[in-house]
Amino acid sequence: MTQELSTTAPEHLPRQRGDWWRDAVIYQVYVRSFADSDGDGIGDLRGIRERLPHLAGLGVDAVWITPFYASPQADGGYDVADYRAVDPLFGKLSDADDLVREAHRLGLRVIVDIVPNHTSDQHPWFLAALAGGPERAYYHFRPGKGANGELPPNDWESVFGGPAWTRAAVPDGDGGTSQPEAGGEWYLHLFAPEQPDLNWEHPAVSEEFASVLRFWLDLGVDGFRIDVAHGMVKADGMPDIGLREQAKMIGAQVLPFFDQDGVHEIHRSWRRLLDGYEGERIGVAEAWAPTAERLALYVRPDEMHQAFNFQFLRCPWDPDRMREVIDASLAATASVGAPTTWVLSNHDVVRHPTRYGDGPAGLRRARAAALLMLALPGSAYIYQGEELGLPEVTDLPDEVRQDPSFFRAEGQDGFRDGCRVPIPWTRSGSSHGFGSAGSWLPQPDSWGELSVEAQTGVPGSTLELYRAALAVRREHPGLGAGDAVTWLDAPEGVLALARDGFLCTTNTTGTEVELPVPGTVLLSSGAPGFGDGTVRLPADSSTWWAI
Ligand code: BGC
């Protein structure tokens, strides 16, 4: 049975300002896994530069590049030993410079990742801290509990599993140390032990980061993705939580180590710094907050420009939940005058075709979700390989895994190597065109058929769907603009959201749904069938209409 779509006129949604980031589509490059130019099996900056035409052709506005700084790579580069140097694995500083220039030449902006919550344990500050220097105050060192200080100072757990504290050796006064067992203090690391948390109460820390931001802004970057932007400030007295499995509470409740009100002062100071530069340089907070309202605090007018909307990423393929999350996200960011961001996948989560149900249904839903996301007001993030419809790799052998959480967690799922497998560029050849000498994580053989080469020019391929969607979005700037959508009445399981002169219908059900034809098809993730004045929306598909 068909129900009629309501004919309520969609609200006019004026574009608020000319700010590029409000509706930008930003492509995430996970540097190790994008393109390897020097044949060491690991992606690098030159590889990215050589593949920039793919991104320009795809039609994105900007590229966000994950950390490429000098690092022992204990956590894929999120353990930085020198914030102003490029790790030799990824190239040289001149490669970063060339990359930024070439991106700008192609009309792409560049956002780099900054990791302020923690350094590497090989950062000169931490080495000096272990040796008893004044840099100890830049980190969180505390005496342990128990008769001999043999117990961690509190019950906080690392996001990667296990205690968030490691006992350090006692400095011997000569710049050396004794053994850790010999009664040393403990240091805090909310992630791996190789990632000691910085003490943001110390002015030297904020001064250093302001200088690091300036370094990259002077080089020409257009902004920063701020890693763990909710983590830099810890609750006074570092109180116990009293509960286990704290990683599962992240993003669901405020914990004494995350989303503390004090972090906002840091973001305000960074906004002032960014605003001091020409050309709308932006800050994007990777902030896990329990509600859309608390997340919106990070994007108040004097704070960051955007924050990732993980509520959308976490939402299951359920029309009511999706609508709720979309409305709540839009309302929360509108209340502070910021754009909402939309993201379906990144380097920390299971790729969304697999999350939505592996196999053909998962891919159909992922394609439909992409059109739904790109029809929403605000900015959208695309994770490399998403435009190829890549699934999670779920059968990596243990011996190739590198995610530190795999080695530390007990009984947790969600290890992150499966979404980080290097992407396929060509049908055949070494690592499907990723590089000339294999890839640091093995690609499934079947990925040749998902490669850029195999999908280019193939009508209906996921790559051509993304290209077409981004082209339509550019032709209709109203698509990303505004801060609200109008939901039209639609049959059960169908979402129908209208914008100015535009409609997106998403059939979330596993069967065809028939409707009166609402307009002219602009694009569809399925192949709608037309009858006498009616359209049959395929199962798990989205269609864009001009109305
Ligand atoms: C990054 C992760 C990283 C963690 C610690 C995150 O939010 O996205 O990949 O492991 O921060 O830096």
Side-chain angles (χ1 to χ4, degrees), residues 26 28-34 43 64-81 83 87 90 111-123 126 139 156-162 164 166 188-198 200 209 212 224-232 234 246-251 255 257-259 263 283-289 295 298 304 306-310 313-314 341 343-351 381 383-384 392 401-409 412 414-421 440-441:
I26 301 176
Q28 178 189 355
V29 165
Y30 189 69
V31 58
R32 300 175 75 85
S33 306
F34 189 67
W64 148 35
I65 305 170
T66 56
F68 49 78
Y69 315 111
S71 160
Q73 305 292 321
D75 182 20
Y78 283 94
D79 48 317
V80 181
Y83 290 84
D87 195 283
F90 303 131
I111 293 173
V112 296
D113 224 307
I114 202 81
V115 188
N117 180 67
H118 42 265
T119 66
S120 158
D121 64 346
Q122 298 305 305
H123 189 286
F126 193 69
Y139 295 90
W156 294 1
E157 294 168 1
S158 149
V159 173
F160 294 157
T166 290
L188 177 70
H189 53 84
L190 292 177
F191 294 88
E194 296 85 356
Q195 293 166 297
D197 276 52
L198 283 164
W200 272 83
F209 273 88
V212 167
F224 301 97
R225 177 261 190 192
I226 295 141
D227 189 61
V228 195
H230 54 307
M232 283 100 91
K234 279 72 182 175
Q246 294 157 12
K248 293 192 177 149
M249 300 168 205
I250 298 168
L255 295 164
F257 50 74
F258 278 162
D259 197 29
V263 294
V284 184
E286 187 231 7
W288 288 85
L295 186 66
Y298 290 80
M304 294 294 99
Q306 299 184 341
F308 291 108
N309 179 0
F310 294 123
L313 180 151
R314 284 183 159 183
T341 61
V343 55
L344 291 166
S345 278
N346 65 30
H347 65 295
D348 290 331
V349 299
V350 172
R351 284 184 177 273
Y381 280 79
Y383 176 49
Q384 65 178 37
E392 182 81 357
R401 288 187 180 269
Q402 305 220 0
D403 179 358
S405 62
F406 177 76
F407 302 102
R408 288 181 58 84
Q412 282 185 29
F415 304 122
R416 304 170 300 169
D417 290 315
C419 62
R420 297 175 176 180
V421 174
W440 66 282
L441 287 173

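Read the numbers this way: they start at 1 and go in the same order the structure lists the ligands and their atoms.
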Practice prompt. Calculate, to the nearest 0.5 Å, the distance between atoms CG and CG belonging to Asp403 and Asp75 respectively.
Written response: 7.0 Å
Worksheet item: Quick check: does any side chain N or O of Glu194 sit under 3.5 Å from a backbone N or O of Asp121, one acting as donor and the other as acceptor?
Response: no
Worksheet entry | Side chain Gln402, main chain Gly76, donor-acceptor under 3.5 Å | no
Discussion item. As a test of reading the model: which residues have a non-hydrogen atom less than 4.0 Å away from ligand 1?
Written reply: Asp75, Tyr78, His118, Phe160, Phe191, Gln195, Arg225, Asp227, Val228, Glu286, His347, Asp348, Arg416, Arg420
Worksheet item: Do the side chain of Asp79 and the main chain of Ala74 share a donor and acceptor less than 3.5 angstrom apart?
Response: yes
Item to complete: Take the angle between the ring planes of Phe126 and Tyr139 and call it parallel below 30°, perpendicular above 60°, tilted in between.
Response: perpendicular
Item to complete: Determine yes or no for a side-chain-to-main-chain donor-acceptor pair under 3.5 angstrom, with Ser158 supplying the side chain and Phe191 the backbone.
Response: yes
